Amino acid sequence: MSPMVGALSLLLVILAGLAVLPFFGSGYVVSFSIQVFMWMALAGSWNLISGFTGYVSFGHVAFFGVGAYTGALLITKAGWHWLLAGLAGSLPAAALALVIGYPCLRLKGPYFAIAMLGLNEVVRALVSYFEGFTGGGSGVSLPPILSIVPVYYAMGAVAMAVTLLTYRIITCQFGLRLLSIREDEMAAEVMGINTARLKLYAFLLSAVFPGIVGGFYAWYASHVEPLSVFPLLTTITMIIMCLFGGKGTVFGPVLGAGLLSVFQELVWARFLFVHQAIFGALIVGVVLLMPRGILGVLQERYRLPRTI
Amino acid sequence: MPDASILDIRDVTKRFGGVTAVNRCSLALTPGKIYGLIGPNGSGKTTLFNCVTGIEPRDEGEIRFKGERIDGLKPHQVARRGIGRTFQIIRVFPELTALENLLVVTREPFETARRKAQELLKFVTLERLQHEYAGNLSYGQQKLLEFIRVLMTDPELILLDEPAAGVNRTLLNELLAAIARLRDQGKTILIVEHDMKVVMGLCEAVFVLDYGEKIAEGPPGVIQTDERVIEAYFGR
């Protein structure tokens with residue numbers, strides 16, 4: 001029981017440290033932490049559908065973007081408080097996931113990935129098209145944000161919620177069943193598991209949090225436009241972070257998002273022009289050398305439980 | 001007596017493009033017996049299994065389980081009615097542990113399921129490997145795991161696709177004893193098997209398929225001497 005207690009204490013110390021960080025850290029540190037939390041929530045959400053069921057979503061940023069626009073419009077046009085507007089970002093994201101997931105989760109392998117890629121392009125095009133409502137290509141500008149500290153806590157809470165939910169899922173039969181879909185969907189189906197419904201549940205959960213993160217992001221960035229909230233690179237980044245840390249684990253996306261954010265920041269500061277190349281090389285290395293990710297490798301080597 | 005059958009397959013046809021994999025095939029299984037389904041490679045045995053379990057919807061004909069139509073149901077719906085199956089090529093969940101492979105399919109409360117899973121693992125002497133990833137087990141062990149996974153849901157009808165292939169003799173005898181015990185508990189079992197010793201020793205009746213058609217049925221002793229069966233296997 002003692003390694004468990006140790007891990008738990010470490011976790012509590014980290015959490016306590018993060019809770020008081022805004023009182024001591026500089027604006028840069030707080031702002032950087034917001035981004036890390038954002039990536040943790042996004043990578044963790046992607047993990048819920050793709051890490052667990054193996055259905056690789058290449059359009060996950062669509063939920064983020066839809067949430068961002070929802071937040072931005074509710075704040076500017078309806079005068080909502082940013083916290084409520086951000087949380088409301090989850091609703092259209094969930095609705096979109098339902099409408100798209102129902103037909104598309106029947107597609108297998110690369111076909112699902114491509115359909116999701118298409119989804120993001122369609123949503124981005126629609127947002128650009130309805131200019132009167134969304135501001136078209138120039139987007140929506142929000143009132144300037146006075147303090148980013150509340151956003152720090154809000155974003156941190158979402159990252160924590162995703163991680164807790166992942167833990168909850170992995171420790172119940174729903175999680176095992178999602179994993180069985182990844183392992184062998186037909187065998188799961190023949191054993192009486194309603195794979196279509198479970199995939200849809202996982203997909204809905206994986207869309208809700210990017211919607212909220214998007215809503216908070218709109219407030220934090222003070223501006224949303226199609227190119228800034230629907231970039232393919234955001235989807236790719238969440239995928240890489242999740243794979244790097246360990247897909248299908250609880251803390252894999254947290255670790256991946258944390259390490260890669262720091263890495264990116266360091267490299268970016270030192271090698272402005274080649275940082276993308278270095279980042280790309282890292283990705284190739286991870287996929288080739290440890291496709292299970294850091295925690296996946298540790299899990300197998302040291303027989304750690306699934307709940308890491 | 002159609003109502004006395006637990007599984008009643010009537011005039012089922014399944015085509016893949018121009019190939020008729022199963023051709024107007026009819027068979028009826030009486031509860032509590034072990035049946036064999038044999039035939040040369042490509043004769044439609046596995047396709048017939050797939051039609052029954054809903055993986056490949058039949059094109060024509062009717063399939064009834066305990067008197068109710070099950071053709072047209074999804075695989076998980078068929079499974080929940082009480083039909084379990086194993087696959088010719090092993091389909092355990094490789095990155096779940098042996099124990100998780102069993103727990104994932106249960107519809108019982110967790111503690112009951114865990115006890116049952118552990119009994120089943122002991123039964124096939126895999127209890128020491130319960131926390132090992134299924135993918136790390138040997139071929140024979142995976143085969144056994146797949147077999148006990150079917151038993152987790154307690155199906156009334158069990159379809160086994162070549163259960164003996166790749167299992168060593170000692171384990172095989174235990175496996176055959178287990179299948180016989182299931183029959184004694186009132187389960188109905190349909191086995192696709194190439195090992196004639198297994199078929200002859202275990203099955204009370206045998207169906208023979210050739211080019212998707214049922215060419216013979218009857219007790220194993222009679223089937224062995226049937227001219228059409230000999231022809232199908234060895235040529236004229």
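Everything numeric here is computed off the predicted structure, so don't read it as measured data.
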* Residue pair Glu100(B) / Glu183(A), side-chain heavy-atom distance below 4.5 Å ->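 No. Closest side-chain heavy atoms not under 4.5 Å.
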* State, with a plain yes or no, whether a side-chain heavy atom of His76(B) is found less than 4.5 Å away from one of Ile193(A). =>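 No, their side chains stay 4.5 Å or more apart.
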* Asked: Any idea which heavy atoms bring Phe93(B) and Ala187(A) closest together, and the distance?
  ->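 That would be CE2-CB, 3.9 Å.
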* **Minimum heavy-atom distance between Asn194(A) and Arg80(B), given as atom pair plus value** =>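 Smallest heavy-atom distance, with atoms named: N-NH2, 3.9 Å.
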Counting only heavy atoms not in [X], do more than 12 sit closer than 6.0 Å to its [atom1] atom?
X: Lys33(B); atom1: NZ; result: no
X: Arg168(A); atom1: CZ; result: no
X: Tyr167(A); atom1: OH; result: no
X: Tyr111(A); atom1: OH; result: no
X: Phe58(A); atom1: CZ; result: no
X: Phe16(B); atom1: CZ; result: yes
X: Ile89(B); atom1: CD1; result: no
X: Arg69(B); atom1: CZ; result: yes

* To do: Between chain A and each of Asn101(B), Val104(B), Val92(B), count heavy-atom pairs under 4.5 Å; write down the option with the most.
  =>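 Max contact count across the listed options: Val104(B).
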* To do: Would you mind telling me which of Val78(B), Ile83(B), Thr106(B), Leu103(B) has the largest number of heavy-atom pairs within less than 4.5 Å of chain A?
  =>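 Result: the option with the highest number of such pairs is Thr106(B).
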* To do: Select one option (side chain, backbone, both, neither) describing which atoms of Ala196(A) are under 4.5 Å from chain B's heavy atoms.
  =>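 No part of Ala196(A) comes within 4.5 Å of chain B.
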* Asked: Picking from Arg149(B), Met152(B), Glu146(B), what satisfies side-chain contact (heavy atoms from CB on, under 4.5 Å) with Met191(A)?
  ->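 Only one of Arg149(B), Met152(B), Glu146(B) forms a side-chain contact (heavy atoms from CB on, under 4.5 Å) with Met191(A), namely Arg149(B).
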* To do: Please test Arg91(B) against Glu185(A) for salt bridge (Lys or Arg N to Asp or Glu O under 4.0 Å), starting from the C-alpha separation and ending with a verdict.
  => CA-CA 10 Å; Arg91(B) 302 191 83 140; Glu185(A) 184 164 2; over 6 Å; no
* Pairwise distance CD1(Ile55(B)) to CE(Met186(A)) - rounded to 0.5 angstrom ->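 With rounding to 0.5 Å, CD1 (Ile55(B)) is 4.5 Å from CE (Met186(A)).
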* Asked: Given that the side chain runs from C-beta out, which part of Tyr133(B) has a heavy atom under 4.5 Å from chain A: side chain, backbone, both or neither?
  ->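 Contact with chain A: side chain only.
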* Toward chain B: residues of residues 170-181 of chain A with heavy atoms under 4.5 Å ->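 Contacts with chain B: Gln173(A), Leu176(A), Arg177(A), Leu179(A), Ser180(A).
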* Qualifying salt bridge (charged side-chain N to carboxylate O under 4.0 Å, His left out) pairs, either residue in residues 280-299 of chain A, two or more places apart ->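 Sorted result for residues 280-299 of chain A: Arg292(A)-Glu300(A), Arg292(A)-Glu95(B).
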